[in-house]
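First comes the structure, then the notes that go with it.
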Amino acid sequence: MSRTELSSLGEFGLIRHLTEHFPVQQKSTILGVGDDAAAIEVPAGMIAVLTTDMLIEGVHFDLSYVPLRHLGYKAVVVNLSDVYAMNAVPAQITVSIAVSNRFSLEAMEELYAGMLAACEHYGVDLVGGDTSTSVSGLAISVSAVGFVEKARMSTRRNARKGDLLCVTGDLGGAYLGLQVLEREKKVFLESPGVQPELSGFEYVIGRQLKPEARRDLVQFFSEQQIVPTSMIDISDGLASEILHLERNSGHGMVIYEEKIPIAADTGRVAEQFSLAPVTCALSGGEDYELLFTVGQSDYEKISANPSVSIIGYVDEPESSSRMVTRAGATIAITAQGWNAFS
Ligand code: ADP
Ligand code: MG
């Protein structure tokens, strides 16, 4: 494969080269890349939500098994997931990168191809960013803007006693995908000639490398006129997110182990790693599903959605969150989510 040095284009040439194929899809985009700031029109009656995330090579991703195209896609998706978690619809993103001369233009093209795919899939516009050199490695920061009618916004705060606690999709897969990739990396480092053994692990690896954000749920809420009383996206494991809802609402949550959705593929891989599938769901990370509470009056609408599982309910104020196991025991839910500083 040919290698073009980033320095050969200059900063402006590089920005133009990487961003020129991004389409403008949103009416609210007044000005995109190329001015001092982007200009966004907030539609009448809406409020804007804004979120940002930073991804650092060696901390958040490992390029020995993460293809740059997937990394670009995921960097966008994890931001959009935060916007959806506010019950908002994402419209614009900015992307800032710091990149060392280890990376070629072709590598950056791969990264931006992944970001373009995500922008097209979710209908969001890339409207700006910043480009810097780094001494070593790659850092990516994505910010996203979304819009929601004021009365429809969902925060982490307003869960009420008796609300249903629900989750989309299935949990634990992304964590196991990471375990498989880490295992194969170790094998490769020990004996570089050996081909990685990835067959049978497609589902969990896909959950790790190519997560999707739950746009469908926000659309469903809008069509069904449901406003969740609280919502959060699952980036650090179910247990950690439940404790966020508890802390922010002042109400404990009760969940039932048997109701936690876990894909058959995830269960099978967990067994191979001698892990309990429910532990992967509670304490694994990066599933990017949505966890939310709704009033009991929405029970029928919610239970008609096949991608939603009702896993429990909101308890009394000042109660502590807990899980009822399959065996009928009650155990406290503790924070075992990813600790950013460990
Ligand atoms: P300034 O020096 O005024 O911040 P820049 O030269 O950094 O301007 O950026 C010029 C334009 O290109 C701006 O619209 C900026 O948002 C955009 N831009 C810069 N870097 C990126 C990037 N990595 N991805 C997308 N847009 C970018
Ligand atoms: Mg700048």
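In each ligand, atom 1 is the first atom listed, and ligand 1 is the first ligand listed.
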Atom indices of ligand 1, in the order listed, that fall short of 4.0 Å to a heavy atom of [X]:
X: T131; value: 19 (C), 20 (N), 21 (C), 22 (C), 23 (N)
X: E11; value: 6 (O), 7 (O)
X: D36; value: 3 (O)
X: Y112; value: 22 (C), 23 (N), 24 (N)
X: V33; value: 12 (O), 14 (O), 17 (C), 26 (N)
X: G128; value: 16 (O), 25 (C), 26 (N), 27 (C)

Donor-acceptor check, side chain of D125 to backbone of Q26, threshold 3.5 angstrom: yes or no? yes
key: D233 backbone acceptor or donor facing D82 side chain under 3.5 Å   = no
If you draw a 6.0 Å radius around OH in Y299, do more than 12 non-hydrogen atoms from other residues or ligands fall strictly inside? no
**Item:** Over 12 foreign heavy atoms within 6.0 Å of CD, Q224
**Value:** yes
Result for side chain to side chain donor-acceptor pair (under 3.5 Å) between T293 and one of N158, D298, T229 points to T229
Q. Does any non-hydrogen side-chain atom of F292 lie less than 4.5 Å from one of S154?
A. no
Would you call the rings of Y84 and Y122 parallel, tilted or perpendicular if under 30° counts as parallel and over 60° as perpendicular? tilted
Candidates L18, I15, L111; heavy atom nearest atom 12 (O) of ligand 1 found on I15
Closest heavy-atom approach to atom 13 (C) of ligand 1 among T19, L126, D35 is made by D35
Should G34 be listed as contacting ligand 1, given a heavy-atom distance under 4.0 Å as the test? yes
